[in-house]
Amino acid sequence: MLYIIATPIGNLEDISFRAIDTLKSVDVILAEDTRHSKKLLSHYGISTPVQSLHEHNEAKKTADLVGSLLSGRGMALISDAGTPLISDPGYVLVREAKKAGVKVSPIPGPSALTSAISASGIASDSFTFYGFLPSKQGARVKAIRAISHSKETVIFYESPKRILASAVDFRSVLGDDRVVCFAKELTKSFETIITATLPDIVDYLESQQDHQRGEFVILISAIDKNSKVKGEEQLDKILPILLSEMGASKASKIAAKITGIDKKYCYQRAIDL
Ligand code: SAM
């Protein structure tokens, strides 16, 4: 049996009784960073042997691990924080273990993703999770443009190194009215969950260096029926002109270049006109 066990995202008390019992009873714990996990394991008096499994050795170790599982060894996979496989390693092992007929069972618990949306005040009925935003600005702006017309909540993880730059990029693409939530240091002493417009978020991050420290989840509310992203008024002006000279496909490509709006959205708009 391979157990996938969620561990705390900050507060060490956020772990289930079943998670602790299982971590004590398996033969081996596979941990992303063994030194980091030792803190949690010693807090709960867990002395099970620990092996490392991280993004750099997962592909190489998987075949041996599946062999051990098939020979009857019980294993538990944990990551540094939260739920394994959610922007964390484990996918290759789980895929291969299942292919080989090993039973894989989750022991659920915290994740920054579900914790953030549950306390954000942003619609939670339907959402897309994108993991980490690209670190380079060009790719990041492109990613933000691609979700700018999303009809459901969109969620990202972001590193403190880029949190201000990302907030500024969100503002430049989504404008000043979109409601977003920046959820920081969840379950820790400096937990802060701000649901506001982007100018307010940028002000908050800029007002003190400390405000940019820690771990963040960014939640973007769906586009409002009446709101427009930046460039949309321009799009509505130029599309009819372009369409009088050329087909929808070419017109939408040119309109996307001029306005910076996602090409697919421009095309949809062109055929709706
Ligand atoms: N597996 C984890 C989970 O289930 O949430 C996520 C791991 S991912 C490598 C780490 C990212 O998750 C951080 O950079 C941050 O964006 C987010 N994160 C983790 N802990 C957090 C916390 N306590 N508060 C806010 N965001 C957190």
Side-chain angles (χ1 to χ4, degrees), residues 2-16 19 23 29-37 39-41 43 52-58 76-95 104-122 124 127-136 139-140 143-144 147 153-167 169-170 180-196 201 204-205 210-220:
L2 170 63
Y3 293 97
I4 309 301
I5 303 188
T7 58
I9 56 168
N11 189 322
L12 284 189
E13 306 297 309
D14 293 335
I15 185 162
S16 73
L23 288 168
I29 296 171
L30 305 170
E32 197 182 355
D33 176 344
T34 54
R35 268 191 308 180
H36 176 95
S37 293
K39 222 169 86 185
L40 174 78
L41 300 175
H43 182 82
S52 79
L53 188 83
H54 45 71
E55 58 173 332
H56 304 294
N57 69 5
E58 186 178 4
L77 174 70
I78 58 174
S79 59
D80 285 354
T83 301
L85 281 86
I86 304 297
S87 292
D88 267 339
Y91 166 64
V92 177
L93 176 64
V94 170
R95 185 191 64 200
V104 180
S105 180
I107 300 195
S111 175
L113 166 68
T114 47
S115 306
I117 196 157
S118 68
S120 66
I122 304 252
S124 56
F127 63 86
T128 307
F129 172 56
Y130 274 95
F132 283 96
L133 274 162
S135 55
K136 297 229 165 70
R140 187 165 60 230
I144 299 172
I147 60 92
T153 298
V154 183
I155 306 177
F156 297 96
Y157 283 164
E158 186 52 295
S159 128
K161 278 188 259 169
R162 292 183 287 274
I163 193 70
L164 178 59
S166 291
D169 288 344
F170 274 112
V180 304
C181 172
F182 276 44
K184 165 179 141 80
E185 293 288 86
L186 294 167
T187 77
K188 302 187 204 176
S189 319
F190 294 103
E191 176 180 277
T192 311
I193 304 169
I194 305 182
T195 301
I201 299 278
Y204 166 78
L205 292 171
D210 271 359
H211 290 174
Q212 294 170 37
R213 294 218 176 94
E215 303 195 272
F216 285 86
V217 182
I218 300 175
L219 302 98
I220 309 293

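Both counts, for ligands and for their atoms, begin at 1 and track the order of listing.
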Could you tell me if the side chain of Ile122 sits less than 4.5 Å from the side chain of Phe127, heavy atoms only?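 No, every pair of side-chain atoms sits at 4.5 Å or beyond.
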Minimum side-chain heavy-atom gap Phe182-His211 below 4.5 Å: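 When only atoms from C-beta onward are counted, His211 and Phe182 do not touch, as no gap falls below 4.5 Å.
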[X] to ligand 1, any heavy atom closer than 4.0 Å:
| X | value |
| --- | --- |
| Ser159 | no |
| Phe132 | yes |
| Asp88 | yes |

Ignoring hydrogens and angles, tell me if any N or O in the side chain of [X] forms a donor-acceptor pair with the backbone of [Y] under 3.5 Å.
| X | Y | value |
| --- | --- | --- |
| Glu185 | Glu215 | yes |
| Ser105 | Leu2 | no |
| Glu58 | Gly90 | yes |
| Gln212 | Ile163 | no |
| Thr195 | Ile193 | no |
| Lys184 | Arg213 | yes |

Under 4.0 Å from any heavy atom of Glu185, which atoms of ligand 1 are there?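 Here the atoms of ligand 1 in question are 23 (N), 24 (N), 25 (C).
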Just heavy atoms, cut-off under 4.0 Å: does Lys188 contact ligand 1 by side chain, backbone, both, or neither?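 Side chain only; the backbone of Lys188 stays clear of ligand 1.
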Which is it for Ala81 and ligand 1 at heavy atoms under 4.0 Å: side chain, backbone, both or neither?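 Contact part for Ala81 vs ligand 1: backbone (N, CA, C, O).
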Geometric N/O contact [X] with ligand 1, under 3.5 angstrom:
| X | answer |
| --- | --- |
| Ser87 | no |
| Pro84 | no |
| Thr83 | yes |
| Ile9 | yes |
| Ile86 | yes |

Counting non-hydrogen protein atoms only, what is the nearest one to [atom]? Give residue, atom name and distance.
| atom | value |
| --- | --- |
| atom 20 (N) of ligand 1 | Glu215 OE1, 3.3 Å |
| atom 15 (C) of ligand 1 | Phe216 O, 3.5 Å |
| atom 24 (N) of ligand 1 | Leu186 N, 2.9 Å |
| atom 18 (N) of ligand 1 | Ala112 CB, 3.4 Å |

Partner of Tyr157 by side chain to side chain contact (heavy atoms under 4.5 Å, CB included), out of Tyr130, Phe216, Phe132: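 Checked Tyr130, Phe216, Phe132 against Tyr157; only one passes side chain to side chain contact (heavy atoms under 4.5 Å, CB included): Phe132.
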Between SG of Cys181 and CD1 of Ile117, what distance do you get to the nearest 0.5 Å?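 Reported to 0.5 Å precision, the distance equals 9.0 Å.
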